[in-house]
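As structure tokens, the structure follows; a few thoughts come after it.
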Amino acid sequence: MNQELKIFNSLTRKKEIFNPLVPGKAGMYVCGPTVYSNAHLGHARPAITFDLLYRYLLHLGLKVRYVRNITDVGHLEDEVEETGEDKISKKARLESLEPMEVVQKYMNTFHKNMADLNTLSPSIEPRASGHIIEQQLMVKQILQKGFAYESNGSVYFDVEKYNQQHHYGKLSGRNLDDILHNSRQLEGQEEKKNPFDFALWKKASPEHIMQWPSTWSNGFPGWHLECSAMSTKYLGEVFDIHGGGLDLQFPHHECEIAQSTAALGHESVRYWMHNNMITINGQKMARSLGNFITLDELFTGSHELLQQAYSPMTVRFFILQAHYRSTVDFSNEALQAAEKGLDRLMKAMELLEKLKPGGESSFKVEELAENCYNAMNDDLNSPILISHLFDGVRIINSIHDGKAIINDADLITLKSLYNTFVFEILGLRNEKAPSSRNKEILSEAIELILQLRQKAKNNKDWATSDRIRNELTHMGIEVKDRKDGFEWHLM
RNA sequence: GGUUCCUUGGCCGAGUGGCUAGGCAACGGUCUGCAAAACCGUGUACGGCGGUUCGAGUCCGCCAGGGACCUCCA
């Protein structure tokens, strides 16, 4: 397998050929959630985007280390850092829980939702609270290099000084003057030299429930720092891919670049990747905007905007039908269309297993395979990949109907191709396949009933045969008559 | 206001300057006892106005509309 994968590097704004730092291996770091409430549809986007990347890199034969953090401390609620409360702390106070109870609770539901969406677990899932020492060491490094200053027990990154030697803002395409002239002037920033300076270490007020001792104060690390510290720890001073949502590009990722560069003397990330947002009525879906639908609500249909429940695979397929760098707008119509399209694909997957080879193939399997790889190699173009898979669906259905032919070798290739791309790379699952334990009993019972119906049909007893079909349809079993008998599916 | 991205047929959503993306919906046909499914076929789609070019949805300019970031957010 020798594919040339191109990915869009946000830093250069170009598609670049992916050449891993160490041949045969790849390191990727993706910004994970702050676990202070339930995961929503927006969280599914990066999870699925980078799951797709992870799966494809694995498929290409690379040994991948996939690191995704859990933010469980340091993420402030308010823009004014001096009075802003830690998100986890606030939730703990409101719910009368230990902060770590809050973390555990929402981390568990996040993991469950991610498993529902069939995303693979990262190789390492480090938590900020478990890496206080590493973060303190990085603060010390940055202080030693002269790019940070201490102020009233807190430590801030000196953006202006950093910018004299490096370009602060290169990732998001801005410069310090722009930032200075276009930032709101906020109250309560007396501790900072400049409003755009950001906290590396924050002194905690006495009532603050999460704090750790340090040489500067009893406090907690700044939000941006965990990613720099933990990516360095687990992937090294230089690593291949850093991913996250587009909304994190500034300031979060910009700060990461500054921190790592200041501490290490060079940049860490070779390819930056950003997924775009999911919108609802054209506006970003975000917790802070209050227009979000949680994944649990989506899966159960329990939200006023939802006309029905949407299965995890429907959600996954819906997201994969748009390119990861495009915004995708939520609507019931779009989800329902995705549901039906997925159903069509899955039925074809089932049919594929039953196809009978014979004669010379009336189409080119190799061409289909090449199209699929080309789509993935072009910056993970999953919508194009899916369109090619649907081309194949038409062929599979035609073979089944006897209107196309496939030879033995091509059939083996085709099966392997579909298993690889649909299940292994796109990470889809056939949710309607009955569990193996019940499958046999169910199948035999339905076969028996349908054979009785066949007998009625042969006797032109349409009343009986229609009644059986209608009752089965009502139960969720779809019956299709064919020239030579019948077929059935669970709906 | 600054930076930046987008505007594709009824809906969603791809499009590297010339060749049918694809899905959903709709309509017609084949098949069928009837259905369903499947297959075949059907759409003056590219926000507006200019320009470059033999040729533009695709490049350039202007205009209109919208989004994202600029404060926490996946």
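Every chain is numbered from 1 and lettered A, B, ... according to where its sequence line falls, protein lines coming before strand lines. The basis for the numbers below is simple: all heavy atoms, side chains too, and nothing from hydrogens, waters or symmetry mates.
- Within 4.0 Å of A/Gly42, counting heavy atoms only, lies at least one base atom of the nucleic acid.
- Of the listed nucleotides (B/C72, B/G13, B/C39), B/G13 has the atom at the smallest distance from the side chain of A/Pro383.
- Under 3.5 Å, the side chains of A/Tyr36 and A/Asp86 contain no donor-acceptor pair of N or O atoms.
- Remark: the separation of the C1' atoms in B/C54 and B/C59 is 16 Å, to the nearest Å.
- A gap of 16 Å separates the P atoms of B/C62 and B/G1, to the nearest Å.
- The distance from atom CD1 of A/Ile396 to atom P of B/C39 is 10 Å, rounded to the nearest whole Å.
- Within 4.0 Å (heavy atoms only), A/Val479 reaches at least one base atom of the nucleic acid.
- Between the side chains of A/Lys480 and A/His489, at least one donor N or O sits under 3.5 Å from an acceptor N or O.
- Remark: A/Arg287 is in phosphate contact with B/A74, judged by side-chain N or O atoms under 4.0 Å from OP1 or OP2.
- To the nearest angstrom, P of B/C69 lies 9 Å from CD of A/Gln283.
- Remark: P of B/U32 and CZ of A/Phe486 are 18 Å apart, rounded to the nearest angstrom.
- The structure places CG of A/Leu171 at 9.5 Å from NE2 of A/His242, a figure rounded to the nearest 0.5 Å.
- Heavy atoms of A/Arg45 sit under 4.0 angstrom from at least one base atom.
- In this structure, CD of A/Glu478 is placed 11 Å from P of B/A36, rounded to the nearest angstrom.
- Side-chain polar atoms of A/Asn371 and A/Glu367 form no donor-acceptor pair below 3.5 angstrom.
- Residue contacts for A/Leu41: at a heavy-atom cut-off of 4.0 Å it reaches no nucleic acid atom on any strand shown.
- Only the C1' atoms considered, B/U52 is 49 Å distant from B/U30, to the nearest whole Å.
- Across the strands present, B/G1 finds its partner in B/C70; the criterion is a Watson-Crick or G-U wobble pair with both atom distances under 3.5 angstrom.
- If you find the closest nucleotide of RNA chain B to A/Asp329 and to A/Arg453, the one lying nearer the 5' end belongs to A/Asp329.
- Taking atom C1' in both B/A74 and B/A38, the straight-line distance is 40 Å, to the nearest Å.
- Across B/U4 and B/A36, the matching C1' atoms stand 50 Å from one another, rounded to whole Å.
- Of the nucleotides present, none pairs with B/U32 by Watson-Crick or G-U wobble criteria with both distances under 3.5 Å.
- The separation between A/Arg13 atom CZ and B/A68 atom C1' is 13 Å, rounded to whole Å.
- Among the atoms of the strands shown, none is found under 4.0 Å from any heavy atom of A/Gln249.
- Of the side-chain N and O atoms in A/Lys340, one or more sit less than 4.0 angstrom from OP1 or OP2 of B/A25.
- Between B/U20 and B/C46, the distance separating the two C1' atoms is 15 Å to the nearest Å.
- For A/Lys480, taking side-chain heavy atoms from C-beta onward, the closest of the listed nucleotides B/A21, B/C69, B/A36 is B/A36.
- Contact check, A/Asn275 against B/A74: no side-chain N or O comes under 4.0 Å of OP1 or OP2.
- Taking atom C1' in both B/C63 and B/C24, one finds a spacing of 35 Å when rounded to whole Å.
- Closest to the side chain of A/Phe250, out of B/C69, B/G33, B/G22, is B/C69.
- For A/Ser387 against B/G23, a side-chain-to-base donor-acceptor contact under 3.5 Å is absent.
- Although no hydrogens or angles enter the test, the distance criterion places no donor-acceptor pair under 3.5 Å between the side chain of A/Asn377 and the main chain of A/Lys6.
- Nucleotide B/A26 has B/U42 as its partner under the Watson-Crick or G-U criteria, with both atom distances under 3.5 Å.
- Residue A/Phe390 and nucleotide B/G23 are not classified as a stacked aromatic pair, given the requirement of ring centres less than 5.5 Å apart at an interplanar angle below 30°.
- Here B/G33 is the nucleotide among B/G33, B/G23, B/A14 with the atom lying nearest to any side-chain atom of A/Ser465.
- Atom CG in A/Leu320 sits about 15 Å away from atom C1' in B/C12, given to the nearest Å.
- Contact between the side-chain N/O atoms of A/Asn276 and the OP1/OP2 oxygens of B/C5 is not found at any separation under 4.0 Å.
- Of the residues near RNA chain B, A/Phe317 and A/Ala286, the one whose nearest nucleotide (by heavy atom distance) lies more toward the 5' end is A/Phe317.
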Does A/Ser151 form a side-chain hydrogen bond (donor to acceptor under 3.5 Å, both in side chains) with A/Glu191? I'd like the steps, not just the answer. CA-CA 6 Å; A/Ser151 174; A/Glu191 289 182 357; 4.9 Å; no

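- Rounded to a whole Å, the CE atom of A/Met346 is 18 Å from the C1' atom of B/A37.
- Residue A/Ser326 is classed as a sugar-phosphate contact, given heavy-atom separations below 4.0 Å to backbone atoms only.
- Side-chain N/O atoms of A/Arg344 include one lying less than 4.0 angstrom from OP1 or OP2 on B/G23.
- There is no side-chain donor-acceptor pair under 3.5 Å between A/Glu447 and A/Ser443.
- Residue contacts shown for A/Ser288 include a base, since a base heavy atom lies under 4.0 Å away.
- Using a 4.0 Å heavy-atom criterion, one finds that A/His40 contacts the bases of the nucleic acid, with or without backbone contacts as well.
- A straight line from CG of A/Leu117 to C1' of B/A74 spans 13 Å, rounded to a whole angstrom.
- Atom P of B/C6 sits at a distance of 11 Å from the matching atom of B/U16, rounded to the whole Å.
- Within 4.0 Å (heavy atoms only), A/Asp481 reaches at least one base atom of the nucleic acid.
- Using a 4.0 Å heavy-atom distance criterion, A/Arg394 is classed as a sugar-phosphate-only contact.
- A/Asn430 and A/Glu350 form a side-chain donor-acceptor contact under 3.5 Å, judged by distance and modelled atom types alone.
- A donor and an acceptor atom never sit less than 3.5 Å apart when one is taken from the side chain of A/Asp247 and the other from the base of B/C72.
- Not one N or O on the side chain of A/Asn459 forms a donor-acceptor pair closer than 3.5 Å with the backbone of A/Asp461.
- Contacts of A/Asn175 with the nucleic acid, taken as non-hydrogen atoms under 4.0 Å apart, are absent.
- A donor-acceptor contact under 3.5 angstrom links the side-chain atoms of A/Asp466 to the base of B/G33.
- Nucleotide B/C59 is matched to B/G51 when pairs are restricted to Watson-Crick or G-U wobble geometry with both distances under 3.5 angstrom.
- A donor and an acceptor atom sit less than 3.5 Å apart, one in the side chain of A/Arg469 and one in the base of B/C34.
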Walk me through whether A/Thr473 and A/Glu478 qualify under side-chain hydrogen bond (donor to acceptor under 3.5 Å, both in side chains). CA-CA 5 Å; A/Thr473 304; A/Glu478 180 183 35; over 6 Å; no

